[in-house]
Amino acid sequence: MVFDVLLIGGGVSGMSCALVLGSAKNKPFVIDKKIGIIVHQKTSSLQEAIINNAYGIASNTFGTDLLSESTQNLSHTYPHITQIPDEKVLEISGEFPEFIVITNKNKYKSKIIVVGIGAANTFAIEGLMNFLEPHKKSLPEKQRIQLKNNDHLVSEGIYVTGTLAGWRSQVAIAAGSGAAVATDILTLWNGGIQTHAHDSIRK
């Protein structure tokens, strides 16, 4: 199977991107799209977080709970999105619209890639190393990195979200970054016509 978009990372920005893409499932230009997410969460900064200041999230929410609940929510609400657990991405090769993503267990093909993992300097995905640069909104002593990008776009067909896109480490910011990329992809699928995905109680 060839994915139309494959998201890498099951943290805040990656899951936010997946949720927005999933919610657009009934749009004519999305119906036939195959969406996947590699939900690797072991290195997420949420592993040690307690969240008190993010809109829509109850105070004293543990990051570990949010991580597990987010994958369950995605599975329940948008089961058409393929979740790939317990795999770590090692390499990305190819170019738009024919990328190959190699993990420690499998190989996948995708037309578009979204990278939503953290900004730790342990980043080691072959094929993206040339895009690394120091994080512009982090203290130098933390030695964080980001991928060079223009409004989340690293190169044609490759997007980056969250702290790895150069944003500050805040849950709300990371979620917004992931959602923004999702709407960029929806706009691309809609032939360049600006679009978004809203749910409404109105019929």
Side-chain angles (χ1 to χ4, degrees), residues 5-21 37-57 61 63-64 66-67 70 88-96 99 101-103 110-188 192 194-196:
V5 58
L6 182 60
L7 293 82
I8 300 169
V12 176
S13 67
M15 294 302 291
S16 177
C17 186
L19 286 166
V20 174
L21 290 174
I37 178 169
I38 298 174
V39 288
H40 188 271
Q41 298 179 327
K42 289 183 179 179
T43 57
S44 172
S45 57
L46 284 184
Q47 294 287 356
E48 298 178 349
I50 298 177
I51 302 161
N52 291 308
N53 61 356
Y55 180 79
I57 300 175
T61 294
T64 50
L66 187 60
L67 286 170
S70 65
K88 183 177 181 180
V89 174
L90 304 177
E91 181 180 348
I92 295 174
S93 61
E95 58 186 24
F96 178 78
F99 293 105
V101 177
I102 299 174
T103 75
S110 185
K111 297 176 183 178
I112 295 174
I113 302 293
V114 178
V115 186
I117 60 178
N121 61 7
T122 53
F123 183 94
I125 298 178
E126 291 298 325
L128 296 180
M129 301 303 288
N130 289 340
F131 296 105
L132 292 184
E133 65 180 4
H135 199 286
K136 296 178 181 179
K137 294 184 177 181
S138 178
L139 294 172
E141 56 266 29
K142 290 192 174 183
Q143 298 183 326
R144 302 297 190 202
I145 53 90
Q146 65 180 59
L147 295 184
K148 296 176 185 177
N149 68 93
N150 181 13
D151 192 20
H152 295 105
L153 188 65
V154 177
S155 63
E156 188 176 15
I158 300 179
Y159 296 84
V160 62
T161 61
T163 56
L164 192 62
W167 296 108
R168 293 187 177 91
S169 182
Q170 294 283 157
V171 168
I173 294 174
S177 171
V181 168
T183 58
D184 285 344
I185 293 171
L186 292 176
T187 297
L188 180 67
Q194 295 294 335
T195 190
H196 44 254

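Values below: every heavy atom of this structure, side chains too, minus hydrogens, waters and symmetry copies. A quick note: this is a predicted structure, and the numbers were derived from the prediction, not measured. Residues: numbered from 1 along the sequence shown.
In terms of heavy atoms, Asn149 sits closest to Ala165 at ND2-O, 3.0 Å. When all heavy atoms are compared, the tightest approach of Ile37 to Gly9 is CD1-O, 3.6 Å. A pairwise comparison of heavy atoms in Thr161 and Ser13 identifies OG1-OG, 2.8 Å as the closest pair. Across every non-hydrogen atom of Phe96 and Gly157, the tightest pair is CD1-CA, 3.7 Å. Between Cys17 and Ala182 the shortest heavy-atom distance is O-CB, 3.5 Å. Between Ser16 and Ala179, the closest heavy-atom pair is OG-N, 3.5 Å.
Under the side-chain contact (heavy atoms from CB on, under 4.5 Å) criterion, Leu188 pairs with Ile112, Tyr159, not counting sequence neighbours. By the side-chain hydrogen bond (donor to acceptor under 3.5 Å, both in side chains) test, Gln170 pairs with no residue at all, sequence neighbours left out. Judged as a side-chain contact (heavy atoms from CB on, under 4.5 Å), and not counting sequence neighbours, the contacts of Ile102 are Glu91, Ile100, Lys107. Scanning for side-chain contact (heavy atoms from CB on, under 4.5 Å) contacts around Ser169 gives Ser45, Thr163, with sequence neighbours left out.
Once rounded to the nearest 0.5 Å, the distance linking CD1 of Ile117 with CG of Leu147 reads 8.0 Å. With rounding to the nearest 0.5 Å, the separation of CD1 in Ile185 from CG in Leu7 is 6.5 Å. For the atom pair CD1 (Ile158) and CG (Leu128), the distance works out to 5.5 Å, reported to the nearest 0.5 Å. Going from atom CD1 of Ile57 over to atom CG of Leu66 covers 5.0 Å, rounded to the nearest 0.5 Å. Separation of atoms CZ (Arg144) and CG (Leu139) is listed at 10.0 Å; rounding is to 0.5 Å.
Legend: side chain to side chain donor-acceptor pair (under 3.5 Å) pairs involving residues 173-186, not counting sequence neighbours, sorted by first then second residue: His152-Ser177. Residue pairs that meet the side chain to side chain donor-acceptor pair (under 3.5 Å) test with at least one member in residues 114-130, sequence neighbours left out, are Asn121-Gln143.
For His135 (side chain) and Trp167 (main-chain N/O), a donor-acceptor pair under 3.5 Å exists by modelled atom type. One N or O on the side chain of Thr187 and one on the backbone of Thr195 form a donor-acceptor pair closer than 3.5 Å.
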Evaluate side-chain contact (heavy atoms from CB on, under 4.5 Å) for Leu46 paired with Ile51, printing each intermediate quantity in order. CA-CA 9 Å; Leu46 284 184; Ile51 302 161; 3.9 Å; yes
Given side-chain contact (heavy atoms from CB on, under 4.5 Å), test Phe99 with Leu6 step by step and report yes or no. CA-CA 10 Å; Phe99 293 105; Leu6 182 60; over 6 Å; no
Can you list the steps and then say if Val39 with Met15 is a side-chain contact (heavy atoms from CB on, under 4.5 Å)? CA-CA 8 Å; Val39 288; Met15 294 302 291; 4.2 Å; yes
Take Ile145 and Glu133 through the test side-chain contact (heavy atoms from CB on, under 4.5 Å) and record every step on the way to the result. CA-CA 6 Å; Ile145 53 90; Glu133 65 180 4; over 6 Å; no
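In this structure, Val115 and Val154 have side chains that are not in contact, with every pair of non-hydrogen atoms separated by 4.5 Å or more.
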